[in-house]
There are 2 protein chains.
Amino acid sequence: MKLASLKSGGRDGTLVVVSRDLARAIAVPDIAPTLQAALDDWEVKAAQLAHISAALNAGALPGEMRFLPEAGHSPLPRAYQWADGSAYVNHVELVRKARGATMPPEFWTDPLMYQGGSDSFLGPCDPIVAGSEDWGIDFEAEVAVITGDVPMCATPEACGAQIRLVMLVNDVSLRNLIPAELAKGFGFFQSKPASSFSPVAVTLDELGEAWREGRLHRPLDITLNGDWFGSPNAGLDMTFAFPALIAHAAKTRELEAGSIIGSGTVSNLDKRTGSGCIAEKRCLETLAQGQPVTPYLKFGDRVKIEMSDAEGRSIFGAIEQVVSKPTGR
Amino acid sequence: MKLASLKSGGRDGTLVVVSRDLARAIAVPDIAPTLQAALDDWEVKAAQLAHISAALNAGALPGEMRFLPEAGHSPLPRAYQWADGSAYVNHVELVRKARGATMPPEFWTDPLMYQGGSDSFLGPCDPIVAGSEDWGIDFEAEVAVITGDVPMCATPEACGAQIRLVMLVNDVSLRNLIPAELAKGFGFFQSKPASSFSPVAVTLDELGEAWREGRLHRPLDITLNGDWFGSPNAGLDMTFAFPALIAHAAKTRELEAGSIIGSGTVSNLDKRTGSGCIAEKRCLETLAQGQPVTPYLKFGDRVKIEMSDAEGRSIFGAIEQVVSKPTGR
């Protein structure tokens, strides 16, 4: 099934079941008012939601509405956890190479992961508001999963069984704030502002053969101001599959239902697929010609991140955002 | 007023108003079932809760119960954000000095802060479960505030006005996992397992003169297995007051109501007040005698963190936790 949250209805929005073609939706207040409420009691709610989903896909339902992604919020408008991995290790190696640094060999066996802010996500079509273009505004096109409850020290196999939903992410990054922040030793904070997620999150059965071995084997479609930017396949070159990423997050503490675990910027070894973020493209330019050429995002720039199934139909709806100055200043 | 969350009632527990002497409590389902629900609509709910608080402090109320801190959860059993500063900069300098490193001068002007996991806090009297004593289990005694909605780029003054509640924290840390994790560059993750908070969170008016200039001017009472470990005054040597810490967190993104911002380990320049964590004590030992003497926590060790008012009455109730092996293994 496919699930989304309308912006109306409060801080957590209103849960809707969305038709497979993303054209129609129906609220389900008698089952769960919000997606978090459904995740909190998934064993009971999932079957009830699946029943509605089947009926909605079979034909018109009383009370259904047109689904407009731009009226939607991120599936979880706020979440109790957002932990983002960096599972495409060749991307990490490339970024390091561009700044003349080698990568420790254990990066191939021990996942990188950072704790992100999860209190206030952007909607999939909300502007990316930044205080200054000098911050080095960038997008990162990623895949993420939403988990159920995961006990501390759970095995990757057990973690895989707790994957409830899959969605896309734009992990907005402020590149020019990163060096000074990481030099302080405590990780990202100001350099990772609010992220946005695809309008729709889907269960694994919606992905069919594209979901295997804990990875989503489809290319992302990434455009910048309407021009192709990249189409890396999320299933290729993903060193750590989602079950391994979840197990890393749960090594020393349990994860509560509704935790979001991200893949990190999708990146393929075959660079004909382009890049999932501007920073990687700039690294490739630096390696090829000694300096970066592509600028970071400017106010007014438009980023679009989407993924289609084998028949060319959008799976999750599009993240489509314009970079914007703060309002009222 | 003083607020707490009982463990019963679901993942967010049940909000109760607690009497000033921490002896009695009353649930307020008609006002807000959970603390997060109250924070989500604070402008309306705070006055209603204050009315109940005044009545409870004036005498017995129908439906009141005995308040048992050990039956309570952290005031927010799960939260949308937990961001912990390191505001006692002399502590940071000391820790660096012990490992032979100097501290960059900008640490006195630019706060250190890390994004913590907030999906699943420990209750104030829950065991600290760790997979191994070899992880270097430590406590950190801190003060934290819970905020309302804070706009991006808010001034420290505006941030100070959004402080809703104050509480104590035990920011559990796994010291032996920190060096390898920080060397990876993405900050803390596995080295910062679930934190616990005092049984009760209080509004600023409950603190009277002890709350001034955005700091809580009272000593913590910290014991380890019943022995005095430290009594650093949280109002002294706090380089960055809470309004400055909140403003740092809100520099590039808004903070949603219910965000928890921590002070970092409380530490005084006058070392006769002891330490707020074992790591600092070990640093002092290293500087004095060339090597650390005090071991990190062992299974069965008991940590207690509390704070009293000028008349010796507990303000927040005690965090009192035993270190424990995982159950069922």
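Every chain is numbered from 1 and lettered A, B, ... according to where its sequence line falls, protein lines coming before strand lines. Just so we're clear, the structure is a prediction, and the values are computed from it rather than from any experiment.
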Heavy atoms only: give me the nearest A/Q190-B/K251 pair and the separation to one decimal. NE2-CB, 3.1 Å
At their closest point, which heavy atom of B/Y80 faces which heavy atom of A/A79, and how far apart are they? CD2-O, 3.2 Å
Side chain from CB out, backbone as N, CA, C, O: work out which of these in [X] comes under 4.5 Å of a heavy atom of chain B, or both, or neither.
X	result
A/D110	both
A/P111	backbone
A/A249	both
A/W135	side chain
A/A257	both
A/S259	side chain

Mind ranking B/A180, B/A83, B/P193, B/S191 by heavy-atom pairs under 4.5 Å with chain A and telling me who comes out on top? B/P193
Determine the option with the most heavy-atom pairs under 4.5 angstrom with chain A, choosing from B/D119, B/L174, B/L112. B/D119
Relative to chain A, which segment of B/S132 carries a heavy atom at a distance below 4.5 Å: side chain, backbone, both, or neither? neither
Would you mind checking which part of B/V129 comes under 4.5 Å of any heavy atom in chain A, side chain (CB onward), backbone (N, CA, C, O), both or neither? both
Just verifying a value: how many Å separate B/I137 CD1 and A/T252 OG1, rounded to the nearest 0.5 Å? 11.0 Å
Does any N or O in the side chain of A/S120 come within less than 3.5 Å of the main-chain N or O of B/L255, such that one atom is a donor and the other an acceptor? no
For the backbone of A/E256 and the side chain of B/R78, can you confirm whether one donor and one acceptor N or O come within less than 3.5 Å of each other? no
If you count heavy-atom pairs under 4.5 Å with chain B, which of A/A194, A/G117, A/G185 comes out on top? A/G117
Would you say the side chain of [Y] lies within less than 4.5 Å of the side chain of [X], judging by non-hydrogen atoms?
X	Y	value
B/R11	A/D149	yes
A/K184	B/Y114	no
A/W82	B/Q81	no

For atom NZ of A/K97, is the number of surrounding heavy atoms from other residues, nucleotides or ligands below 6.0 Å larger than 12? no
In sequence, state the C-alpha distance, the side-chain angles, and the governing distance for A/F186 and B/F188, and then conclude on ring pair (Phe, Tyr, Trp, His ring centres under 6.0 Å). CA-CA 7 Å; A/F186 272 29; B/F188 305 103; 4.9 Å; yes
